[in-house]
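Have a look at the structure below, then the notes.
Computation of the quantities below employed the complete heavy-atom set of this structure, encompassing side-chain atoms and omitting hydrogens, waters and symmetry-equivalent molecules. Below, chains carry the letters A, B, ... as their sequence lines are ordered, and counting in each starts from 1.
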2 protein chains.
Amino acid sequence: MKVRATRDQIVEAADRLIYEKGFEYMAFADLANAVGISRGNVSFHFKTRDEILSAVIELRFGRTRRMLEQWETEGIDARERIRSYIRIPLTNRTQVLRYGCPVGTLCTELAKLGHDDLVQASRIFGLFREWLGRQFTDLGLAGHSDALAMQVLAWSQGVATLASAFHDEPFVRAEVRRMEDWLDSLVPGSGRPRRPRKLRGRQSAPARHP
Amino acid sequence: MKVRATRDQIVEAADRLIYEKGFEYMAFADLANAVGISRGNVSFHFKTRDEILSAVIELRFGRTRRMLEQWETEGIDARERIRSYIRIPLTNRTQVLRYGCPVGTLCTELAKLGHDDLVQASRIFGLFREWLGRQFTDLGLAGHSDALAMQVLAWSQGVATLASAFHDEPFVRAEVRRMEDWLDSLVPGSGRPRRPRKLRGRQSAPARHP
DNA sequence: CAGCAATTAGGACAATTGTCCTAGTCCGTC
DNA sequence: GACGGACTAGGACAATTGTCCTAATTGCTG
């Protein structure tokens with residue numbers, strides 16, 4: 001109980017630091033300072049920085065899994081569930097504009113380092129991939145469900161990257177809208193009423209899509 | 001002349017190190033070792049690491065500008081020029097699978113740090129953006145040319161991110177193909193013959209697009 | 001060849017890094 | 001109330017960091 005309290009605080013602080021600054025910038029001293037304990041105490045709970053990284057990945061993995069499970073019980077239909085994913089960059093736009101996607105940026109850093117935990121980190125992508133694949137299968141697109149899942153993943157990753165590079169919030173809004181329109185057009189016969197939208201100047205119908 | 005030789009070697013090595021390992025992992029000692037000179041010599045040419053970063057960004061900016069200029073004189077038509085851009089992740093697939101996109105990953109890192117040079121680095125994205133916008137205008141899509149440019153940028157960024165996270169070369173091939181098909185479908189009346197393609201199992205027509 | 005600035009090597013420097021070690025404090029269980 | 005293991009603080013430690021300084025060497029110019 002006691003150990004969990006401190007340990008969890010360390011992992012929590014590491015989670016935030018890794019997201020906001022990157023793994024390499026997460027120093028033992030920073031963690032100790034953030035939690036308000038001594039560096040030696042951090043060392044007691046985690047012998048190496050890699051151990052902390054593993055704990056953070058595990059934390060994110062569990063959180064993502066639980067979130068997707070909740071979406072699966074909450075969402076009215078598969079389309080609405082996919083929409084929940086599509087809207088992530090919009091929901092978290094403040095952070096995304098500053099730090100990008102937590103999963104994507106971590107995987108990018110670990111890939112550069114050839115770090116062993118890249119495999120573990122990319123499993124978080126794997127969660128989204130499988131979940132999205134199931135939703136597309138529910139939509140009657142079983143044959144292409146995994147390909148579609150990868151496409152949606154890549155799309156939102158690209159949006160996150162450009163959004164943080166240009167600090168462009170309207171772009172995020174426009175792309176999320178485009179993704180939703182694309183989703184609606186995927187299975188047009190599904191009967192869901194296309195709610196009318198007021199077109200705003202900037203994102204006025206930029207071509208059929210991709 | 002002499003100073004240029006050593007200085008350029010340093011910038012060249014920094015360019016490679018930043019791409020392969022990330023900016024924070026580029027140490028003076030690494031640079032000195034890579035070029036085969038002393039650390040003090042590196043310090044003579046660049047007082048701080050940030051100065052090296054600026055030089056690397058400038059180097060990449062110039063190279064990109066020259067490449068795009070060359071494409072603009074070489075390419076038969078705008079569509080073929082856009083295709084050149086679309087195929088970058090395929091052309092450089094070995095590096096992209098390992099280290100992602102040089103521009104995107106650098107911007108991501110600098111955004112996290114709140115580094116001043118993020119603005120400069122994102123200007124490289126700006127070069128592609130403006131260039132692509134011009135090509136789309138040439139294609140007769142003047143009204144949406146900038147939006148389309150951003151879409152293509154984001155698309156290839158997403159592909160690069162997922163490709164390096166999953167080390168998935170077939171995914172790169174499939175997405176590049178999808179982007180080319182999308183490009184061909186953008187202006188169907190343009191008369192360019194749609195060359196027939198042998199469909200391969202994995203990427204068999206995964207939905208209309210995005 | 002002399003002179004001078006540009007270039008280089010090598011080390012000094014304080015600061016910070018990850019990791020380890022030791023001594024102490026806390027708290028639940030006999 | 002004493003014991004014992006979990007927890008914590010604080011510092012030691014070598015290694016590495018970016019930056020700076022000085023002396024030696026290079027190579028061009030006169």
Under 3.5 Å, which protein N or O atoms sit close to an N or O of nucleotides 13-16 of chain C? Give each pair with its distance.
none

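- Residue A:Asn41 places at least one side-chain N or O closer than 4.0 Å to OP1 or OP2 of D:dA9.
- Taking CZ of B:Phe125 as the reference point, atom SG of B:Cys101 lies at 5.0 Å (rounded to 0.5 Å).
- Residues satisfying the salt bridge (charged side-chain N to carboxylate O under 4.0 Å, His left out) test with B:Asp15, not counting sequence neighbours, are B:Arg60, B:Arg63.
- Under the salt bridge (charged side-chain N to carboxylate O under 4.0 Å, His left out) criterion, A:Asp138 pairs with A:Arg81, not counting sequence neighbours.
- Checked against ring-ring contact (aromatic ring centres under 6.0 Å, His included), B:Tyr85 has the following partners two or more places apart in sequence or in another chain: B:Phe128.
- Legend: residues meeting salt bridge (charged side-chain N to carboxylate O under 4.0 Å, His left out) with A:Glu109, ordered by chain and number and at least two apart, are absent.
- A:Ser145 meets the side chain to side chain donor-acceptor pair (under 3.5 Å) test with A:Thr137; sequence neighbours excluded.
- For B:Ser54, the side chain to side chain donor-acceptor pair (under 3.5 Å) partners at least two apart in sequence or on another chain are B:Asp117.
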Show me the donor-acceptor pairs within less than 3.5 Å that the side chains of residues 88-99 of chain A make with the rest of the protein, sequence neighbours left out.
{"unit_1": "A:Thr91", "atom_1": "OG1", "unit_2": "A:Arg87", "atom_2": "O", "d": "2.9"}
{"unit_1": "A:Arg93", "atom_1": "NE", "unit_2": "A:Glu169", "atom_2": "OE2", "d": "3.2"}
{"unit_1": "A:Arg93", "atom_1": "NH1", "unit_2": "A:Leu90", "atom_2": "O", "d": "2.9"}

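- Residues passing the side chain to side chain donor-acceptor pair (under 3.5 Å) test with B:Thr108, sequence neighbours excluded: none.
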Anything under 3.5 Å between a protein N or O and an N or O of nucleotides 21-24 of chain C, put it in a table, one pair a line.
none

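- Of the residues in residues 12-26 of chain B, none lies under 4.0 Å from DNA chain C by heavy-atom distance.
- Within a heavy-atom distance below 4.0 Å of DNA chain C, the residues of residues 48-58 of chain A found are A:Thr48, A:Arg49.
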